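Scroll down for the structure; my scribbles are underneath it.
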There are 2 protein chains.
Amino acid sequence: MHSGQKQELASLTGRLRRESRKITGPRAAILEILRHHPHPLTNKEIFAELPKGGGDLATIYRAMQLLEKLGMVKRFDFGDGTARFELVGEGDDGHHHHLICTRCAGVVEIAECFPEEIERRIARTNGYAGVTHRLEFFGICPDCQQ
Amino acid sequence: MHSGQKQELASLTGRLRRESRKITGPRAAILEILRHHPHPLTNKEIFAELPKGGGDLATIYRAMQLLEKLGMVKRFDFGDGTARFELVGEGDDGHHHHLICTRCAGVVEIAECFPEEIERRIARTNGYAGVTHRLEFFGICPDCQQ
DNA sequence: GCATCAATTGCAAATCATTCGCAACTGAAT
DNA sequence: ATTCAGTTGCGAATGATTTGCAATTGATGC
Ligand SMILES: [Mn+2]
Ligand SMILES: [Mn+2]
Ligand SMILES: [Zn+2]
Ligand SMILES: [Zn+2]
């Protein structure tokens, strides 16, 4: 999550229960992993963190699809052809951005967002409704600058 | 291109020649197609516009890779897992953004950019060098709003 | 606890975009 | 016309993601 404090596992499983979804071993393990990671994770990374025999990669793909549909995780696209997911706080929509090192792939959470008034102007000028944006920053992190 | 006026084919082929690259049938056809399209095209779309027998899909992939390396096209990512390419004017770096309709996939070229001073602050705050951004807007176009 | 059943999983096969190997081909320069 | 590095076509790999399906398992109610 972006906001800082980790979510209670109970709050997470509660959200699943409310949708008459089962709290299965793989799902609990996935949520536990996400809860402990501050930056977006790929499905493969989640898979690697899973205890051996803790689940199949396809199960993770299906779990992330479900969690995204329920608004419990947010999908991010760093432009490398691999989806990444981050836990979203209850009530939050998870919208935020990242600064990614193009050398080491290090990630920094960014609080800034695209200015609302400019986005509103873009929407109005073109007659578009429900406008949002996808935005990520790229650069070289301090360590990689030598 | 974003700036408006179409590029001369001669200017494009000249850039290839300077790099001791051949002006082949497929490449000329691809450049011609890109020259006549104001918005980013997928390789498959370019392929479809090619005269029958005018080239192989793999050739287009290779051509776009080359053109991108030479800075003649800019790659865009609309988040649907398919790369899109747009011709870049000489001397231009092609950096700009789009507003995409999530219903009909219609595209509008956007002149606005993420405010420089905020980006500089983000870079400085985190000690990152050479920071840029990838930004696209999404919404529902006038037609798709019913 | 135990039966019941829809939801879920594991595994393999299928999809899709993109890349690659390689022999045949062709611009461009001589 | 000759020559050869750069290109192409085609099919086979790759890598991420999805899907079919039979076997498994939470959650609910006895
Ligand atoms: Mn984040
Ligand atoms: Mn454009
Ligand atoms: Zn934002
Ligand atoms: Zn910009």
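Chain letters run A, B, ... following the sequence lines, proteins first and then strands; every chain starts at 1. Note that these values count all heavy atoms, side chains included, but never hydrogens, waters or copies made by symmetry. Computed from a predicted model, the values in this text were never measured in an experiment.
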What do you reckon, are the aromatic ring centroids of B:F76 and B:H98 less than 6.0 Å apart? yes
Measuring centre to centre across the rings, with the benzene-like ring taken for any Trp, is B:F137 within less than 6.0 Å of A:F114?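 Under 6.0 Å, so yes.
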Identify whether the distance between the nearest side-chain nitrogen and carboxylate oxygen of A:R75 and A:E68 falls below 4.0 Å.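 Salt bridge between A:R75 and A:E68, a charged N being under 4.0 Å from a carboxylate O: yes.
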Tell me whether A:N126 contacts the main-chain N or O of A:I122 through its side chain, where contact means a donor paired with an acceptor under 3.5 Å.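 Such a contact is found between A:N126 side chain and A:I122 backbone.
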Are the side chain of B:E19 and the backbone of B:G14 linked by a donor-acceptor contact shorter than 3.5 Å?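 Here the side-chain-to-backbone pair does not exist.
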Could you write nucleotides 17-25 of chain C as a row of B, S and -, 5' to 3', where a protein heavy atom under 4.0 Å of any base atom gives B, of only sugar-phosphate atoms gives S, and otherwise -? SBBBBB---
Rounding to a whole Å, what distance do you find between [X]:[atom1] and [N]:[atom2]?
| X | N | atom1 | atom2 | value |
| --- | --- | --- | --- | --- |
| B:L67 | D:dT7 | CG | P | 11 Å |
| A:E19 | C:dT8 | CD | C1' | 16 Å |
| B:K52 | D:dG9 | NZ | C1' | 18 Å |
| A:I60 | D:dT19 | CD1 | P | 17 Å |
| A:L66 | D:dT18 | CG | P | 13 Å |
| A:F85 | D:dA16 | CZ | P | 13 Å |
| B:I30 | D:dT8 | CD1 | C1' | 11 Å |

Looking at CZ of B:R134 and NE2 of A:H97, how far apart are the two atoms once the value is rounded to the nearest 0.5 Å? 14.5 Å
Once side chain to side chain contact (heavy atoms under 4.5 Å, CB included) is applied, do any residues pair with B:T125, and if so which ones, sequence neighbours excluded?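 For B:T125 the side chain to side chain contact (heavy atoms under 4.5 Å, CB included) partners, ignoring immediate neighbours, are B:R121.
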Would you indicate whether the side-chain heavy atoms of A:R84 and A:F78 approach each other to under 4.5 Å? yes
Closest-nucleotide ordering on DNA chain D, the 5'-leading residue of B:D56 and B:S20: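 Taking each residue's closest nucleotide, the earlier one in sequence belongs to B:S20.
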Taking only heavy atoms on the protein side, list every residue of residues 21-28 of chain A lying under 4.0 Å from any atom of DNA chain C, sorted numerically.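 Under 4.0 Å from DNA chain C: A:R21, A:K22, A:T24, A:P26, A:R27.
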